[in-house]
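This report refers to the structure that appears directly beneath it.
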Amino acid sequence: MTDYFKNIPAIRYEGPESANEFAFRHYNPDEVVMGKRMADHLRFAVAYWHSFAYQGGDPFGGQTFERPWFGDTLALAKLKADAAFEMFDIIGAPFFCFHDADVRPEGHDFAENTRNLEAIVDYFAAKMETSKTKLLWGTANLFTNRRYMAGAATNPDPDIFAFAAATVKTCMDATHRLGGQNYVLWGGREGYETLLNTDLKAEAEHMARFLHMVVEYKHKIGFTGTILIEPKPQEPSKHQYDYDVSTVYGFLKRFGLENEIRVNIEQGHCILAGHTFEHEIATAISMGIFGSIDMNRNDYQSGWDTDQFPNNVPEMALAYYEILKAGGFTTGGTNFDARIRRQSLDPEDLILSHVGAMDTCARALKAAAALLEDGALEAARKARYAGWETPAAKAMLTGGTLDGIAARVLDEGLNPRPVSGRQERLENLWNRFV
Ligand code: XLS
Ligand code: NI
Ligand code: NI
């Protein structure tokens, strides 16, 4: 037991009228929405790195937070784990996610890193015997240490490729041992700073081989979770290879990985790529590679990944609408890849940021479910494509040829009249639900 959160009560659902800061107003885990408990729809996860490892730094200033567990020893790593699981209990977090470097002290070499990780995994495993919080996903930090400054799988140095591969093996073992439901690969520094020193073709082939080895190892150890790539367009490298969902899909397809790997989509990364969150989710769903989401919000003015907690219900509702329409998460969930601002110094800030974010997502989910159950939006979408139900239209898609179609257009004197896309009417409909 730590006393870090000692004055903070367990957070319970009190309903929309409650004025209690330490209560949920909308997230009611057992409430049934479209036939499923809200908790089972949303599958919230706490990100270990932002909540427990982040020290408050920005490019102009260092640490602002003072946490009793800061420091690079095993004893402090255990204290951090104690505080983390206490926090999970307070907010009732169904899941958490971690990188190796968030949870273990940094060793001097691979062997020491592995020993440290195993010690913490043992410690987690013991806690998880009684805790209600499960592991949504694990991952390897292949970007902070200076050895990775030119990438991990795409590093020009094969020894760094090897170090990274060995590290991923240990992180997959850890994830498997803790019952993780997914394994994530965010391409930390897989990209380039300048094309002048970069062999694009070789780097892509190395990355593909690396990913194939991840998939092979998954099957070898009997890990049944999903392997996920997390797209991001820029930061930290000038150009990141996993730019967005479509780029990742093209890469997977090129190297025969499209049936083995899915995507973890982060709101802020979508904004940086010039897309909306819902666009990236819908794109992944349409390509059959949707996996999970990293929920946060990005500042629309800044050109970097601000990782703020979500607080915009109408925006999040658009995202959950796509997810619900596709049948919801399977192994995926809603991971809060979000951190409190560097001036938010109090333990309460850490808790209440999650409480607000969970309420925001719950409202968004309820709005999306109500609109889906109402059916008017899907009916309008269906009506817009109704022409494709006719035999002549279907024939174009099965055996159509340009000259055959030209003959028919002439023959029938086709002269199509444009119809309204009804955007504003659909926006008005949407607004009735959010
Ligand atoms: C960084 C990414 C990272 C991944 C996990 O921008 O969001 O936090 O989610 O490595
Ligand atoms: Ni992320
Ligand atoms: Ni991010």
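Since the structure is predicted, the reported quantities are computational estimates derived from the model, not experimental observations. All residue numbers refer to positions in the sequence shown, counting from 1. Counting starts at 1 for both ligands and their atoms, following the listed order.
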- Message: Test: side chain to side chain donor-acceptor pair (under 3.5 Å). Region: residues 73-92. Which pairs qualify, not counting sequence neighbours?
- Response: T2-E86, D82-Y123, D82-K127
- Message: Does anything in residues 23-43 form a side chain to side chain donor-acceptor pair (under 3.5 Å)? List the pairs, not counting sequence neighbours.
- Response: N28-E31, D30-R37, R37-D40, R43-Q181
- Can you name the one residue among D242, D305, D307, D337 that meets salt bridge (charged side-chain N to carboxylate O under 4.0 Å, His left out) with K232? D305
- Message: Using the ring centroid of each side chain, check whether Y48 and F124 are separated by less than 6.0 Å.
- Response: yes
- Task: Take W186 and H269 through the side chain to side chain contact (heavy atoms under 4.5 Å, CB included) test and state the conclusion after the steps.
- Result: CA-CA 11 Å; W186 166 56; H269 300 183; 4.3 Å; yes
- Note on the structure: Heavy-atom contacts under 4.0 Å to ligand 1, chain-then-number order, include exactly W49, H99, W137, W186, E230, K232, E266, H269, D294, D305, D337
- Item | For the Ni ion (ligand 3): the N/O/S atom of D305 at shortest distance | OD2
- Item | Side chains of E260 and H219 in contact at under 4.5 Å (non-hydrogen atoms) | yes
- Message: Against H176, only a single residue in F223, W137, Y183 fulfils ring-ring contact (aromatic ring centres under 6.0 Å, His included); can you say which?
- Response: F223
- Does the pair E205/K201 count as a salt bridge with the N-to-O cut at 4.0 Å? yes
- Listed as residue and atom, the protein N/O/S atoms under 2.8 Å from the Ni ion (ligand 2) are E230 OE2, E266 OE1, D294 OD2, D337 OD2
- Message: Aromatic contact between F96 and F85, with the criterion being ring centroids under 6.0 Å apart: yes or no?
- Response: yes
- Item | Carboxylate-amine/guanidinium proximity below 4.0 Å for R115 and E118 | no
